[in-house]
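The structure under discussion appears below in the form of structure tokens.
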Amino acid sequence: MDNGKDIKRLSRLTAILTQLQTKRLNTASELAEKFLVTKRTIYRDIKALEMAGVPILVEEGKGYSLMEGYRVSPIMFTESEANALITAEQLILKNKESSFVKEYSEAINKIKSVLRNNTKDKANLLSDRVVFRINSDNDSTSNYLSTIQLAMTNFKLIKIKYRFSSENKQFTERTIEPFAIYSTQENWLLIAYCRLRKDFRAFRLDRILDLLTLNEQFEPHDITLQQYFESCKKKSYS
């Protein structure tokens, strides 16, 4: 018996279980690519998890998922994983999106609560020794990221009062379908389908003066984020 191979497989099985809890649907191809093994190996691993009592559901043509409500005990983070999270926390604390900072800080506190004591002590030490300094005159802030994320994942319409520039005091009101969010040079931008312009538009979060999530839902968009960026490139070159 090869103990090294057994340990490696056990580690992979644990990682697959974590992945199944992280993402609702996972295909064999995605798992094989992620863990650098063949699909046949993934089939065997899934079978092993099933035999161990893990309730894995197979959706024909879609992939694997865990039975609703099934959870395993919190998985212990390695010291390196904890360090990565703490380092990211210090960067996020400098972010100008206050709702994002609040939600991440609360999530990090929950993560710290499951760390082993010695890892927790080292994580807190690292918190005091990692600092990000941002050289920017941009003092604008926003507080709508969390609300927009919920609207986006629940396909809810949003009504916004929006100012197109920091110098311009005039504003417009739009009803939009939130599609994606990205960050560039400290500014969070919302990509959304604008019902007034009947096309996708990008809105800076720090220029949203007011925001209301409506009860009305919209149909999920067929376009992917990559396709959106490609269409923007084509427009800029045409």
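Atoms considered below: every heavy atom in the structure, side chains included; atoms not considered: hydrogens, waters and symmetry mates. All values derive from a computational prediction rather than experimental measurement.
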Practice task
Would you mind reporting whether Glu230 and Gln226 have side-chain heavy atoms less than 4.5 Å apart?
Solution key: yes

Practice task
Assess whether ring-ring contact (aromatic ring centres under 6.0 Å, His included) is satisfied between Tyr182 and Phe229, documenting all intermediate values.
Solution key: CA-CA 11 Å; Tyr182 72 100; Phe229 285 129; 5.7 Å; yes

Exercise for the section: Can you measure from OG (Ser99) to NZ (Lys102) and round to the nearest 0.5 angstrom? Expected result: 9.0 Å

Handout entry: Presence of salt bridge, Arg24 and Glu59, under 4.0 angstrom
Key = yes

Completion exercise
Distance col, row Lys47:NZ vs Ile56:CD1, nearest 0.5 angstrom, shows 10.5 Å

Practice task
State yes or no: do Leu31 and Val58 share one hydrophobic cluster built from I, L, V, M, F, W and Y residues joined by side-chain heavy-atom distances below 4.5 Å, directly or via other members?
Solution key: yes

Handout entry: Heavy-atom side-chain contact between Leu205 and Leu145 under 4.5 Å
Key = yes

Problem - Under 3.5 Å: donor-acceptor pair, side chain of Thr153, backbone of Gln149 - result: yes

Handout entry: N-O pairing of Asp199 and Arg197 below 4.0 Å
Key = no

Exercise for the section: Apply side chain to side chain contact (heavy atoms under 4.5 Å, CB included) to the pair Thr27 and Lys62, showing each step before the final yes or no. Expected result: CA-CA 7 Å; Thr27 66; Lys62 292 185 178 180; over 6 Å; no

Handout entry: Side chains of Ile160 and Glu173 in contact at under 4.5 Å (non-hydrogen atoms)
Key = no

Exercise for the section: Count the heavy atoms belonging to other residues, nucleotides or ligands that lie under 6.0 Å from CD of Gln217, then report whether that count exceeds 12. Expected result: yes

Problem - Flag side-chain contact, heavy atom, 4.5 Å: Glu177 against Arg195 - result: yes

Problem - Test item: Ile181 and Ile191 side chains (from C-beta on) under 4.5 Å apart, heavy atoms - result: no

Exercise for the section: Please check if Leu57 and Tyr43 belong to a single hydrophobic cluster, counting links between Ile, Leu, Val, Met, Phe, Trp and Tyr side chain heavy atoms closer than 4.5 Å. Expected result: no

Exercise for the section: Verify side chain to side chain contact (heavy atoms under 4.5 Å, CB included) between Lys159 and Arg174, making sure each step is shown before the conclusion. Expected result: CA-CA 6 Å; Lys159 186 175 182 180; Arg174 302 287 176 91; over 6 Å; no

Handout entry: Ring-ring centroid check Phe155 Phe179, cutoff 6.0 Å
Key = no

Handout entry: Straight-line distance of Ile158 CD1 to Thr147 OG1, nearest 0.5 Å
Key = 8.0 Å

Problem - Qualifying residue for side-chain contact (heavy atoms from CB on, under 4.5 Å) with Lys161, from Ile208, Leu209, Thr172 - result: Leu209

Completion exercise
In terms of heavy-atom contacts, Ala192 and Pro178 come closest through CB-CA, 3.9 Å

Practice task
Enter the distance from Arg12:CZ to Leu36:CG here, rounded to the nearest 0.5 Å.
Solution key: 10.5 Å

Practice task
Answer whether the closest heavy-atom distance between the side chains of Ile16 and Phe35 falls below 4.5 Å.
Solution key: yes

Problem - Full working for side chain to side chain contact (heavy atoms under 4.5 Å, CB included) between Leu13 and Leu49 - result: CA-CA 7 Å; Leu13 288 173; Leu49 288 171; 4.1 Å; yes

Problem - Other residues, nucleotides, ligands: >12 heavy atoms within 6.0 Å of Lys156 NZ - result: yes

Exercise for the section: Answer with yes or no whether the hydrophobic clustering places Ile176 together with Leu212; edges join I, L, V, M, F, W, Y residues whose side-chain heavy atoms lie under 4.5 Å apart. Expected result: no

Completion exercise
To the nearest 0.5 Å, atom CG of Leu189 lies from atom CZ of Arg207 at 9.0 Å

Handout entry: Hydrophobic cluster membership, Phe164 vs Leu211, 4.5 Å side-chain cutoff
Key = yes

Fill in the blank from the handout: Rounded to the nearest 0.5 angstrom, the OH-CD distance for Tyr64 and Glu30 is 11.5 Å

Handout entry: Ring-ring centroid check Phe171 Tyr162, cutoff 6.0 Å
Key = no

Handout entry: Min side-chain heavy-atom separation Thr213-Tyr144 under 4.5 Å
Key = no

Exercise for the section: Classify the angle between the aromatic ring planes of Phe200 and Tyr193 as parallel (below 30°), tilted (30 to 60°) or perpendicular (above 60°). Expected result: perpendicular

Handout entry: Asp206 side chain near Trp188 side chain, heavy-atom distance below 4.5 Å
Key = no

Handout entry: Pair Ile46-Ile42, side chain to side chain contact (heavy atoms under 4.5 Å, CB included): steps then yes or no
Key = CA-CA 6 Å; Ile46 293 293; Ile42 294 297; 4.1 Å; yes

